[in-house]
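Note sheet for the following structure.
As the structure lists them, so they are numbered: ligands from 1, and atoms in each ligand from 1. None of the values given here were measured: they were computed from a predicted structure.
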Amino acid sequence: MPIPAANDPKALRQAVLDHMHVGMTNQTLLAEEGGPLLMESAEGIYVTDVEGNKFIDGISGMYFRNAGHGREEIAKAIYDQLVSISMNVYSGATPKTIQLAAKLAEIAPGELSRTFFCQGGSEANESSLKMAQAYHVRRGDRGRYKVISREGSYHGSTYGTMWLGGHPGFPRHDYQPKPANVVTVGQPHYYHDTYGATSAEQNGERAALEIEKAILFEGPESVSAVIGEPVSQPLGGVVPPSNYWPMVREICDKYGVLLIFDEVITGFGRLGTWFGSDLVGVVPDIMSFAKGITSGYFPVGGSISTQKIADAFAGGPEKVWSHMYTYSAHPGGAAAAFANLEIVEREGLVENARVRGEQIADSLQVMKEKHAIVGDVRGVGLIQGIEFVKDRKTKEHFDSSVGVNAMLTEELRKRGVWIRVPAYILPIAPPLTITADETDTLTTIIDEALGAVEQRLGV
Ligand SMILES: Cc1ncc(COP(=O)(O)O)c(C=O)c1O
């Protein structure tokens with residue numbers, strides 16, 4: 001088959017199906033839908049496909065395009081960097097990356113000050129988990145190898161991260177056996193409370209106590225870390241009650257277990273605070289980050305730890321933290337991050353995320369009153385979500401054969417919003433640059449699309 005021309009959508013779509021693995025995607029469904037979105041250009045909150053259709057990007061690519069699309073400033077910073085020095089060497093570092101590490105120490109919460117750089121979120125979590133375990137080993141706790149993660153979370157797709165959490169949308173059953181170090185607990189989610197709680201606070205308290213119970217059951221001397229996202233995006237913007245993370249922090253400290261925050265989505269402004277850690281008022285021992293640090297203009301991730309953790313690796317050769325990736329600390333990524341963070345600061349995007357988030361939340365409340373299929377609305381900043389249900393009382397979801405998510409995806413797309421709706425949650429996470437008017441357009445379209453889906457369902 002010849003290489004398809006860039007202006008031949010039909011041939012491009014066929015070639016995707018013939019020559020690419022499109023991750024986590026049902027290839028048959030993709031073929032039925034006529035192939036994937038073929039993006040050609042993007043500006044602000046909009047993406048335009050090869051056929052000239054323009055969409056609001058309702059999920060910021062994949063929750064990464066914080067500074068919005070079409071930022072020549074970032075592209076130019078990467079270009080300038082690459083034409084001067086475009087690589088890192090074994091045991092080396094470049095000035096730009098060193099400056100970025102210092103910048104992160106300045107903006108990261110609490111005592112987080114030492115960064116290991118990598119290329120993305122899965123690698124960041126791998127690095128955080130390895131750092132935690134090696135830290136315990138350096139302190140003589142060789143037995144601490146288990147990791148407690150929370151159902152409904154997603155922490156990555158690599159061999160070491162894929163079994164963490166357990167989001168039903170990302171089944172892992174192909175990759176048996178489940179590693180012996182993975183322990184799974186619940187997480188606070190009052191709308192779907194499983195703890196018999198009578199208030200959100202009680203739900204939070206019981207979820208935190210479940211972690212303590214797991215630590216005791218497994219044996220504290222075998223537990224390395226607890227990992228979690230401060231606010232859960234996969235569950236559709238579930239914000240834990242304010243008592244939850246402080247309790248988890250205390251429990252971790254009580255048993256010498258490290259707390260890792262996965263801020264791959266929540267970091268760099270999305271919640272209306274610089275980090276999720278700032279929102280929940282708890283500083284982890286290690287924080288994984290990726291996506292928003294460069295707004296996805298260059299693949300960068302990392303793990304930032306306290307000096308206390310880093311000190312465990314100082315000393316003779318036996319202390320070395322044996323971990324690396326070839327492209328760690330790439331100066332092109334550092335240049336992208338600097339230019340991106342400069343935009344986030346200059347344009348007040350963290351505050352904008354907070355305000356626009358409130359605007360969306362207000363509209364979602366109105367939609368909840370109006371649409372029978374809306375079971376719950378929730379979120380903070382620019383991680384907002386709608387959970388749609390068949391029955392509001394029982395909170396039962398539509399059978400997957402009904403295809404409500406595909407209907408909603410289609411109705412949104414027809415009206416100019418790009419969000420591929422998973423299962424029964426509509427995630428809403430536009431770029432942090434979204435204006436008040438654009439927010440109105442986005443929520444109006446969501447409202448209309450919900451109405452159209454209800455009509456198709458005969459609700
Ligand atoms: C919370 C969280 N952690 C980790 C990851 C994995 O990141 P990546 O896909 O860059 O490896 C993701 C990806 O969506 C994520 O949302």
Side-chain angles (χ1 to χ4, degrees), residues 21-25 57-66 116-132 147-172 175 182 184 187 225-240 245 259-271 275-277 279-280 284 286-304 325 327-328 330 333 336-337 340 379-385 419-420 422-423 425 427-429:
H21 289 285
V22 182
M24 297 280 190
T25 300
D57 177 0
I59 49 164
S60 301
M62 263 195 263
Y63 309 94
F64 56 71
R65 187 109 310 168
N66 292 12
F116 171 80
F117 289 104
C118 56
Q119 285 75 243
S122 306
E123 284 184 1
N125 283 326
E126 289 271 355
S127 304
S128 298
L129 295 171
K130 286 175 74 176
M131 193 190 288
V147 182
I148 296 177
S149 66
R150 305 155 338 128
E151 261 166 40
S153 298
Y154 177 75
H155 296 296
S157 274
T158 54
Y159 240 72
T161 57
M162 67 180 165
W163 275 98
L164 299 170
H167 190 271
F170 306 115
R172 301 311 199 205
Y175 309 108
V182 172
T184 313
Q187 65 172 302
V226 170
I227 185 167
E229 316 102 305
V231 167
S232 170
Q233 178 279 317
L235 294 178
V238 172
V239 184
W245 282 117
L259 179 60
I260 300 171
F261 271 176
D262 177 346
E263 296 238 22
V264 166
I265 287 183
T266 55
F268 305 100
R270 181 151 292 282
L271 303 182
F275 294 94
S277 169
L279 182 83
V280 302
I286 305 172
M287 176 198 285
S288 307
F289 62 83
K291 304 198 187 238
I293 186 168
T294 63
S295 288
Y297 283 88
F298 204 99
V300 174
S303 301
I304 183 165
Y325 302 110
Y327 302 119
S328 283
H330 196 292
N340 174 61
V380 62
L382 291 178
I383 292 189
Q384 299 282 336
I419 301 176
R420 205 180 154 88
I425 284 166
I428 307 162

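Ring planes of Phe268 and Phe289: perpendicular class, angle over 60° (limits at 30 and 60°). Relative orientation of the His330 and Phe298 rings is tilted, given thresholds of 30° and 60° on the angle between their planes. Relative orientation of the Phe116 and Tyr325 rings is tilted, given thresholds of 30° and 60° on the angle between their planes.
A donor-acceptor contact shorter than 3.5 Å links the side chain of Asn340 to the backbone of Gly292. Under the 3.5 Å distance criterion, the side-chain polar atoms of Trp163 are matched with a main-chain donor or acceptor of Tyr175. Here the side chain of Arg150 pairs no donor or acceptor atom with the backbone of Gly165 at under 3.5 angstrom.
Every atom of ligand 1 with a heavy atom of Gly120 under 4.0 Å away is listed here by number and element: 10 (O). Within ligand 1, the atoms closer than 4.0 Å to a non-hydrogen atom of Asp262 are 1 (C), 2 (C), 3 (N), 4 (C), numbered from 1 in the order shown. For ligand 1, the atoms lying closer than 4.0 Å to a non-hydrogen atom of Asn125 are 3 (N), 4 (C). Taking every heavy atom of Gly121 and a limit of under 4.0 angstrom, the matching atoms of ligand 1 come to 6 (C), 7 (O), 8 (P), 10 (O), 11 (O). Close approach of ligand 1 to Ile265 (heavy-atom distance below 4.0 Å) involves ligand atoms 16 (O).
The closest heavy-atom contact to atom 2 (C) of ligand 1, among the options Phe261, Tyr154, Phe289, Phe64, comes from Tyr154.
With hydrogens left out, the protein atom closest to atom 14 (O) of ligand 1 is Lys291 NZ, 2.9 Å, a heavy atom.
Here's the thing with His155: none of its N/O atoms is less than 3.5 angstrom from an N/O atom of ligand 1. Remark: ligand 1 and Ser122 share an N or O pair separated by less than 3.5 Å (distance only, no angle test).
At a heavy-atom distance under 4.0 Å, no atom of Tyr63 approaches ligand 1.
Here Arg65 pairs with nothing under the salt bridge (Lys or Arg N to Asp or Glu O under 4.0 Å) rule; sequence neighbours left out.
Contact between Gln233 and ligand 1 is absent, with no heavy atom of the residue lying under 4.0 Å from the ligand.
Residue pairs meeting the salt bridge (Lys or Arg N to Asp or Glu O under 4.0 Å) criterion with at least one partner in residues 116-128, sequence neighbours excluded, do not occur; the list is empty.
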